[in-house]
K.L.:
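There's a structure below that I have some questions on.
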There are 2 protein chains.
Amino acid sequence: MADSPRKRTDTTDGSKGQQTRERLLEAAAAILTEKGYSGTRLGDIAKRAELQAPAIYYYYDSREALIEDVVRRGQQSAQAHVENALAQLPDGTPFLERIRCAVEEHLRVVLNLSDFTTAAIRNMGQLPEAMRKQIRSDHKSYGELWQRLFEEAQSNGEIRGDVDVTAARLLIIGALNWSPEWWSTRVADIDDVVAAAIALTDGLIARP
Amino acid sequence: MADSPRKRTDTTDGSKGQQTRERLLEAAAAILTEKGYSGTRLGDIAKRAELQAPAIYYYYDSREALIEDVVRRGQQSAQAHVENALAQLPDGTPFLERIRCAVEEHLRVVLNLSDFTTAAIRNMGQLPEAMRKQIRSDHKSYGELWQRLFEEAQSNGEIRGDVDVTAARLLIIGALNWSPEWWSTRVADIDDVVAAAIALTDGLIARP
DNA sequence: GTCTATATTATGATAGAC
DNA sequence: GTCTATCATAATATAGAC
């Protein structure tokens, strides 16, 4: 059996095939965001990526494999950005401040960074069970990262003791995740959205 | 041309046809929530409503007409609940308190009240343009209701003057709208979610 | 009102030329 | 690597019996 170029996952290669693969992924992310999981047709992806539908099968074994790749990237890019931003913070930064940082970064990724994140968020609930299972493990560690921040902040006395931090955390992430549904430069400046999101987060602050 | 039973919109009639229509709507809402707009098949709806797919055409002219009815109901039920709750408040209730009330009601509707609201929220972004246009006019007045509350609260000095109330409002509604994606009784008690949502809202309070 | 065909169309996927 | 057929399947919608 000869080598197949399929299933390569490194993105650093600048060869023609890799470029086409990237175009394909970006096209798929855009269509996925716009039409949803079931509405995403290979024909539409191909048209946007400027090739013919059967060419997709040179890069992916199936429609599902392509979609899974898009969703996984969307998810990982959010996670990577936030983790990176948190890592920049000096030791001893208060947990509430770390949460503010995570809120800002997550929001900026979701609003700025291509369709990948939006595609992942918007379609997670409609993916077939088999795909969700694969993706959920990545998702889980991201959720735990947030959860730890909130729990530490609360046991530290930075966050009100009487709020359910799990609910608060999920509400906040939800607010951020939903923002692509309504945001455009006409509605509000991105910095104003960030400021508003942080203001809401500050509702959790413990006050004397 | 004989009368057709189609396009009747009153729900008060208990006749057999109306009962079937309700079963159909509920089935469609459930499938729509689970599979998304494009993934919603008449066959799946029919199976869940315990009839054969072609029978749907006795009640609706097309798949789209049925889906539009579901989405419109989902939207109107949220709006009606919140408006009703706000109307119960005594005159002179501070605007911040009205906002808390709207937050609580909207959240409870979204988490408690069947699949209609979830179906509307989850699929709004993926509906075909023609359908969205119809539905957006209802949606608009609901958004304006919220916007007025926030603007009054701010000009009243109840809400911080330095936050963009439009962004804040959309973030909050987003947090609420997203909650069905993660909420279950196992994650948190519904009252705790309400309390957390109100805590976040209180982040907007102007403090001396 | 609800059913059993069935017409029509669109889509994912394959075969095989270039 | 990418293309032009082409196959197989599945879904909306209609016709017409009951």
Side-chain angles (χ1 to χ4, degrees), chain A residues 1-8 10 13-28 31-32 34-70 123 126-128 130-131, chain B residues 1-8 10 13-28 31-32 34-70 123 126-128 130-131:
Chain A
M1 220 195 289
D3 278 354
S4 160
R6 294 178 194 181
K7 299 254 172 190
R8 287 184 51 182
D10 61 306
D13 191 332
S15 67
K16 187 180 181 197
Q18 277 303 320
Q19 282 181 311
T20 308
R21 182 189 288 267
E22 292 303 320
R23 272 205 339 272
L24 217 44
L25 282 164
E26 272 168 49
I31 305 288
L32 212 47
E34 189 182 336
K35 302 283 185 79
Y37 171 71
S38 295
T40 295
R41 314 280 177 223
L42 292 182
D44 294 337
I45 295 172
K47 188 195 252 179
R48 192 176 182 113
E50 290 175 296
L51 40 64
Q52 297 302 310
I56 294 174
Y57 288 90
Y58 179 78
Y59 296 95
Y60 290 94
D61 288 336
S62 68
R63 171 182 176 273
E64 308 235 317
L66 168 56
I67 291 177
E68 181 168 339
D69 205 1
V70 170
N123 293 292
Q126 293 166 8
L127 301 178
M131 255 186 71
Chain B
M1 220 195 289
D3 279 353
S4 160
R6 292 179 196 181
K7 299 254 170 189
R8 288 182 50 182
D10 60 309
D13 191 332
S15 67
K16 186 180 181 195
Q18 277 303 319
Q19 283 181 311
T20 307
R21 181 188 290 266
E22 292 303 320
R23 272 204 340 272
L24 218 43
L25 282 164
E26 272 168 50
I31 304 288
L32 211 47
E34 189 182 336
K35 303 284 184 82
Y37 170 72
S38 295
T40 295
R41 314 280 176 222
L42 292 182
D44 295 336
I45 295 172
K47 189 195 251 178
R48 194 178 181 112
E50 291 175 296
L51 41 65
Q52 298 302 311
I56 294 174
Y57 289 90
Y58 179 79
Y59 296 95
Y60 290 94
D61 288 337
S62 69
R63 171 183 176 274
E64 307 235 317
L66 167 55
I67 291 177
E68 181 168 338
D69 206 0
V70 170
N123 293 291
Q126 292 166 7
L127 300 178
M131 255 185 71

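Numbered from 1 within each chain, the chains take letters A, B, ... in sequence-line order. No experiment lies behind these values; they were computed from the predicted model shown.
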K.L.:
Using a cut-off of 4.0 Å on non-hydrogen atoms, how would the nucleic acid contact of T40(B) be classed: base, sugar-phosphate, or nothing?
P.N.:
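Sugar-phosphate: the residue T40(B), judged by heavy atoms under 4.0 Å, touches backbone atoms but no base.
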K.L.:
Please tell me if T20(B) has a side-chain N or O lying less than 4.0 Å from either OP1 or OP2 of dG1(C).
P.N.:
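For dG1(C), OP1/OP2 do not have a side-chain N/O of T20(B) under 4.0 Å.
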K.L.:
Rounded to whole angstroms, how far apart are CG on L42(A) and C1' on dG12(C)?
P.N.:
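Distance, rounded to whole Å: 6 Å.
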K.L.:
Check the pair L66(A) / Y59(A) against side-chain contact (heavy atoms from CB on, under 4.5 Å), numbers first and verdict last.
P.N.:
CA-CA 8 Å; L66(A) 168 56; Y59(A) 296 95; over 6 Å; no
K.L.:
Name the closest nucleotide to the Y58(A) side chain, picking from dT2(C), dA13(D), dT2(D).
P.N.:
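Selected nucleotide (nearest to the side chain): dT2(D).
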K.L.:
Just how far, in rounded Å, is C1' of dG12(C) from CG of D44(A)?
P.N.:
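Rounded to the whole Å, the gap is 13 Å.
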K.L.:
Expressed in angstrom and rounded to an integer, what is the separation of Y57(A) atom OH from dA5(D) atom P?
P.N.:
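These atoms are roughly 19 Å apart.
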K.L.:
With sequence neighbours excluded, tell me which residues meet side-chain hydrogen bond (donor to acceptor under 3.5 Å, both in side chains) with E64(B).
P.N.:
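side-chain hydrogen bond (donor to acceptor under 3.5 Å, both in side chains) list for E64(B), sorted by chain: Y37(B).
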K.L.:
Using the salt bridge (charged side-chain N to carboxylate O under 4.0 Å, His left out) criterion, which residues pair with E34(A)? Sequence neighbours excluded.
P.N.:
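Residues passing salt bridge (charged side-chain N to carboxylate O under 4.0 Å, His left out) with E34(A): none at all.
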K.L.:
Taking the side chain of Y59(B) as its heavy atoms from C-beta onward, which of dG12(C), dA13(D), dG1(C) lies nearest to it?
P.N.:
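Closest nucleotide among those given: dG1(C).
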K.L.:
K47(B) NZ to dT2(C) C1': how many Å, rounded?
P.N.:
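Whole-Å distance recorded here is 19 Å.
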K.L.:
Can I get a per-line list of side-chain donor-acceptor pairs under 3.5 Å for residues 40-48 of chain B, giving both atom names and the distance, sequence neighbours left out?
P.N.:
unit_1, atom_1, unit_2, atom_2, d
T40(B), OG1, G36(B), O, 2.7
R41(B), NH1, S38(B), O, 3.0

K.L.:
Identify, with sequence neighbours excluded, every residue that meets salt bridge (charged side-chain N to carboxylate O under 4.0 Å, His left out) alongside E26(A).
P.N.:
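In terms of salt bridge (charged side-chain N to carboxylate O under 4.0 Å, His left out), with neighbours along the sequence ignored, E26(A) is linked to no residue.
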K.L.:
Quickly work out the E64(A) CD to dA13(C) C1' distance and round it to whole Å.
P.N.:
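Answer to the nearest Å: 13 Å.
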K.L.:
Grab the NZ-P distance between K35(B) and dA11(D) for me, whole Å please.
P.N.:
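In whole Å, dA11(D) P and K35(B) NZ are 9 Å from each other.
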K.L.:
Can you give me the closest heavy-atom contact between D61(B) and A65(B), atom names plus distance?
P.N.:
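Closest approach of D61(B) to A65(B), heavy atoms only: N-CB, 4.3 Å.
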K.L.:
Which parts of residues 48-56 of chain B get close to DNA chain C, meaning a heavy atom less than 4.0 angstrom away?
P.N.:
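Listed by number, they are L51(B), Q52(B), P54(B), A55(B).
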K.L.:
Please give, in whole Å, the distance from dT11(C) C1' to R41(B) CZ?
P.N.:
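It is 10 Å, rounded to the nearest whole Å.
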K.L.:
Whole-Å distance between dA11(D) C1' and Y37(B) OH?
P.N.:
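Taking OH of Y37(B) and C1' of dA11(D), I get 13 Å after rounding.
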K.L.:
How long is the straight-line distance from CG of N123(A) back to CE of M131(A), given to the nearest 0.5 Å?
P.N.:
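It is 8.5 Å, given to the nearest 0.5 Å.
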